[in-house]
A.B. asks: 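Structure provided below as structure tokens; questions to follow.
Atoms within a ligand are numbered from 1 in the order they appear, just like the ligands themselves.
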Amino acid sequence: MKAYKIAAIPGDGIGTEVISAGVEVLQALASRDGSFEFKVDQFDWGGEYYKRHGRMMPENGRDLIKKHDAILFGSAGHPEIPDHITLWGLRLAICQPFDQYANVRPTRVLPGITSPLRHVKDKELDWVIVRENSEGEYSGVGGRVHQGSPLEAATDVSMFTRAGVERIIRFAFKLAQARPRKLLTVVTKSNAQRHAMVMWDEIAAEIAREFPDVTWDKMLVDAMTMRMVMKPQSIDTVVATNLHADILSDLAAALAGSLGIAPTANLNPERAFPSMFEPIHGSAFDIMGKGIANPIGTFWSAVMLLEHLGEKPAADRLMTAIEKVTADPRFHTPDLGGTARTTDVTAAVIDAIHGSNR
Ligand code: IPM
Ligand code: MG
């Protein structure tokens, strides 16, 4: 029997609630399938760890997880610790050294969930946003001088390398090619940002020649927000920089009905390092400990984890179970306008897994 080693890092806030639900669901799938099992190691890294140790994860943290087959991550963020410390100390401290350069964010309107777009029908909003996840605006290059004086100055430099842009655009073309519509939109801001964004456009045109069967177009990021709202059916696969795609993916999640259902895969496509799967929603301290966090974003991320491991039947079974459960309003958590609790949704998904013949 295949045994997969999973590193679970619940992190902070509702991260702990949704990751324990996610692990339960993964174990249910393994027992339903019978051909593989999960060995899950828990890591208590995050804000509370920081308060005890002065860092978000141990110095050898990455060594402890680099041999795992995948990482299931909750969220990093703590009301008493500045956001840039929690982000750079944990999530980016894993994503960047593990070269998880392709951040993949699918968006669909799941059955039973209503899009705030009045006219959109289910099948008309079915996107995948590919976010560059290793450089750009998140390079961490910059500095601050003369703090506390009127001369204070600060820079955040967006650094783009040809190698980094080529690999993410090639990844996005391949993904678009594998989807039925074979349609890619390359998003930049190459009118205002006249160096790196112009390089993106040039590289996109070069890579496009490798994929003659993919239809592609270019869009400025501001115009893209409008297109997402006004013509959602004209979009399929999207590739954008780290920051642009960060913003577009929140909009995408809202248009699909809730941030609570949106998943992410941080992929190292070459598999030199483990990839990391996480819900997009963050730590949500306002609802922490209330038992009402929507675990669907984590379950959908688990679907992506299973696909990455090559367990396609189990991935399909979980996605079918998720859709069966979202279709029933009794299992909607408050973010979807319902009264269900995290445990209700989890139990319903596990029931659907055991009841399914797929
Ligand atoms: C995301 C989040 C993070 C990001 C935050 C929590 C720093 O918004 O995954 O989209 O900006 O990368
Ligand atoms: Mg974001």
Side-chain angles (χ1 to χ4, degrees), residues 9-19 22 45-47 49-50 56-57 70-107 127-142 156 158-160 164 168 187 221 224-225 228 238-268 275-288 293-294 296-298 300-302 304-305 335:
I9 308 175
D12 304 314
I14 61 168
T16 54
E17 301 166 47
V18 293
I19 293 307
W45 305 340
Y49 186 96
Y50 182 92
M56 293 290 287
M57 68 187 217
I71 304 162
L72 188 61
F73 187 87
S75 69
H78 195 284
E80 295 154 38
I81 308 171
D83 286 340
H84 65 276
I85 291 181
T86 52
L87 175 66
W88 283 92
L90 190 57
R91 188 170 167 273
L92 291 184
I94 297 173
C95 283
Q96 294 194 346
F98 280 0
D99 207 16
Q100 296 164 349
Y101 63 84
N103 182 290
V104 180
R105 303 190 154 183
T107 309
W127 306 332
V128 187
I129 297 178
V130 176
R131 170 179 179 185
E132 201 295 315
N133 210 33
S134 67
E135 55 176 32
E137 308 87 346
Y138 285 59
S139 299
V141 177
D156 272 301
S158 301
M159 231 195 36
F160 292 90
I168 197 65
V187 174
V221 66
M224 187 65 179
T225 59
M228 286 166 71
V238 176
V239 62
T241 71
N242 216 329
L243 182 62
H244 289 165
D246 174 43
I247 297 164
L248 294 181
S249 60
D250 264 31
L251 174 60
L255 296 178
S258 169
L259 195 56
I261 59 175
T264 295
N266 299 280
L267 299 179
N268 172 249
S275 292
M276 182 158 87
F277 302 83
E278 55 169 342
I280 291 190
H281 52 61
S283 35
F285 280 98
D286 51 331
I287 59 163
M288 174 178 79
N294 192 343
I296 297 288
T298 299
W300 195 347
S301 303
M304 301 181 84
L305 181 153
D335 55 302

A.B. asks: At a threshold of 2.8 Å, where the distance has to be below it, does the Mg ion (ligand 2) have an N, O or S atom of D246 nearby?
C.D. replies: yes
A.B. asks: Name the residue from T241, N103, L92 that meets the side chain to side chain contact (heavy atoms under 4.5 Å, CB included) definition with N133.
C.D. replies: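 Considering T241, N103, L92, a side chain to side chain contact (heavy atoms under 4.5 Å, CB included) with N133 is found only for N103.
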A.B. asks: Side chain to side chain donor-acceptor pair (under 3.5 Å) with Y138: which of D246, D156, N242?
C.D. replies: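 Of the listed residues D246, D156, N242, the side chain to side chain donor-acceptor pair (under 3.5 Å) partner of Y138 is D246.
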A.B. asks: Find out whether Y101 and R131 are in side-chain contact, i.e. whether some heavy atom of one side chain is under 4.5 Å from a heavy atom of the other.
C.D. replies: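 A side-chain contact is absent here, since even the closest heavy-atom pair is not under 4.5 Å.
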A.B. asks: Which atom pair, heavy atoms only, marks the closest approach of P279 to G297?
C.D. replies: CB-C, 3.8 Å
A.B. asks: Can you list, by chain and residue number, every protein residue with a non-hydrogen atom closer than 4.0 Å to ligand 1?
C.D. replies: L87, R91, R105, R131, Y138, D246
A.B. asks: Who are the ring-ring contact (aromatic ring centres under 6.0 Å, His included) partners of F98, not counting sequence neighbours?
C.D. replies: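 Expected list: F273.
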A.B. asks: If you round to the nearest 0.5 Å, how far is CG of L72 from CD1 of I19?
C.D. replies: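 Nearest 0.5 Å value for the CD1-CG distance: 4.0 Å.
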